[in-house]
Amino acid sequence: MRIMAKEFKKLHNTFTEEHLEIIRKLYPNTPNKVIATWMPHSSTSISKKANTMGLKKTKQYIRENGRKIAIAQWNKLIENGLVLKSNFKKGHVPWCKGKKMSPEHIAKLTGIFKKGNVPHNILPIGTIRNINDYNEIKYKNHKWMALARYNWEQVHGPVPQGMCVFKIDGDKYNDDISNLCLVSRNELAQLNRNHAKLTPELKEVQILINQIKQKIR
């Protein structure tokens with residue numbers, strides 16, 4: 001008898017292909033309680049099953065029914081007397097309204113930040129850091145720029161739109177102004193692609209070509 005009861009329970013809790021098809025079609029836009037009327041499963045079981053199937057309620061369903069569900073749950077708490085007594089109610093006046101902070105309280109808060117406060121660990125302007133194997137320089141508070149671009153602009157002015165600063169010798173750590181030139185984005189893509197495929201000997205030739213182009217510009 002125990003075996004039969006166990007098998008019956010297992011059979012009762014099984015989702016058939018028909019059940020799965022109903023869930024697949026109705027779950028996104030239908031309340032779980034309504035879906036539960038189509039099969040011998042609770043709304044909770046249906047929700048768990050839908051989750052394993054990767055199904056979710058649509059945004060429209062959540063927008064239209066989410067507020068209704070929240071209000072219903074809140075009303076249920078009120079009916080059962082489970083609403084916290086500490087919740088603010090309409091017309092509630094805070095005990096500290098209109099009161100100023102006492103000198104004693106202010107004295108306890110001497111560590112709070114004040115206007116113009118500078119954190120002890122702030123990095124000064126001119127600091128150089130390495131991000132993703134490229135050097136950056138801090139040129140303003142909270143402002144960083146690629147060191148190569150910064151060095152170029154200090155000598156030649158702002159980089160024109162659509163142009164990039166290119167390192168002639170291909171060394172991403174060499175940000176010296178003598179190693180920099182301007183190229184278009186299309187040229188940059190070609191230079192980077194070709195430079196990676198070249199042998200060490202041909203790279204030297206490519207460097208010379210880049211230097212000649214720089215002098216022509």
Side-chain angles (χ1 to χ4, degrees), residues 1-102 105 108-109 111-115 117 119-123 129-134 136 138 141-146 164 172 185-186 188-189 192-193 196-197:
M1 291 294 293
R2 290 182 179 178
I3 296 176
M4 292 179 63
K6 186 176 181 180
E7 291 297 327
F8 176 78
K9 184 177 181 181
K10 182 178 180 181
L11 181 63
H12 180 75
N13 293 333
T14 301
F15 284 89
T16 64
E17 287 299 327
E18 184 181 0
H19 296 160
L20 297 178
E21 186 63 23
I22 292 173
I23 294 174
R24 195 174 289 110
K25 290 182 178 180
L26 299 183
Y27 184 81
N29 296 289
T30 308
N32 293 348
K33 290 184 178 180
V34 175
I35 301 176
T37 61
W38 290 74
M39 60 189 70
H41 297 285
S42 66
S43 57
T44 303
S45 297
I46 292 172
S47 178
K48 291 180 179 179
K49 189 63 179 178
N51 184 53
T52 61
M53 296 169 66
L55 301 176
K56 295 182 179 180
K57 297 294 186 185
T58 62
K59 292 183 178 180
Q60 181 179 356
Y61 175 88
I62 295 173
R63 183 169 56 251
E64 294 177 353
N65 295 275
R67 182 175 176 81
K68 296 179 183 178
I69 294 172
I71 293 174
Q73 291 175 341
W74 178 254
N75 291 333
K76 188 174 181 180
L77 290 174
I78 295 176
E79 292 174 2
N80 296 329
L82 298 177
V83 177
L84 297 178
K85 295 181 180 180
S86 61
N87 286 352
F88 294 129
K89 298 180 181 179
K90 188 175 182 179
H92 173 80
V93 180
W95 65 270
C96 57
K97 182 178 180 180
K99 295 182 179 181
K100 293 185 178 181
M101 193 178 297
S102 66
H105 199 160
K108 294 179 181 179
L109 301 176
I112 62 176
F113 294 125
K114 298 179 182 179
K115 188 176 181 180
N117 175 75
H120 71 280
N121 59 344
I122 190 170
L123 296 174
R129 67 181 182 183
N130 188 274
I131 300 293
N132 296 328
D133 291 334
Y134 284 90
E136 290 184 344
K138 183 176 183 180
N141 283 331
H142 314 296
K143 299 289 185 179
W144 295 81
M145 179 188 294
C164 304
K172 55 188 176 183
R185 295 190 179 278
N186 289 336
L188 180 64
N192 287 335
R193 181 171 60 252
K197 296 179 181 179

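Below, each value reflects all heavy atoms present in this structure, side chains not excepted, and no hydrogens, waters or symmetry copies.
- Separation of atoms NZ (Lys49) and CG (Leu55) is listed at 10.5 Å; rounding is to 0.5 Å.
- Environment of NZ in Lys172: crowded, with over 12 heavy atoms of neighbouring residues, nucleotides or ligands closer than 6.0 Å.
- The heavy-atom pair separating Asn32 from Tyr27 by the smallest distance is OD1-CE1, 3.2 Å.
- In this structure, the side-chain contact (heavy atoms from CB on, under 4.5 Å) partners of Tyr61, at least two apart in sequence or on a different chain, are Asn29, Pro31, Lys57, Thr58, Asn65.
- Under the 3.5 Å distance criterion, the side-chain polar atoms of Lys138 are matched with a main-chain donor or acceptor of Leu123.
- Here the NE2 atom belonging to His19 is positioned 12.0 Å from the OG atom belonging to Ser45, to the nearest 0.5 angstrom.
- When the shell of 6.0 Å around CG of Asn132 is examined, it contains 12 or fewer heavy atoms from other residues, nucleotides or ligands.
- Closest approach of Ala36 and Ser43 over heavy atoms only: CB-N, 4.2 Å.
- Residues Arg63 and Gln60 form a side-chain contact, since some pair of their non-hydrogen atoms from C-beta on lies under 4.5 Å apart.
- Side-chain atoms of Lys48 and Thr44, non-hydrogen and from C-beta on, do get closer than 4.5 Å to each other.
- Looking at heavy atoms from C-beta onward, Ile131 lies out of side-chain contact with Trp144 at the 4.5 angstrom threshold.
- No side-chain heavy atom of Cys96 sits under 4.5 Å from any side-chain heavy atom of Met101.
- Distance alone, capped at 3.5 Å, places no donor-acceptor pair between the Asn51 side chain and the Ser47 backbone.
- With contacts defined as side-chain heavy-atom distances shorter than 4.5 Å, the pair Arg24/Leu20 qualifies.
- With rounding to the nearest 0.5 angstrom, the CD1 atom of Ile22 is 9.0 Å from the CD1 atom of Ile46.
- Residue-environment remark: CD (Glu21) exceeds the threshold of 12 foreign heavy atoms within 6.0 Å.
- Going from atom CD1 of Ile23 over to atom CE of Met53 covers 6.0 Å, rounded to the nearest 0.5 Å.
- The backbone N or O of Thr14 sits less than 3.5 Å from a side-chain atom of His41, completing a donor-acceptor pair.
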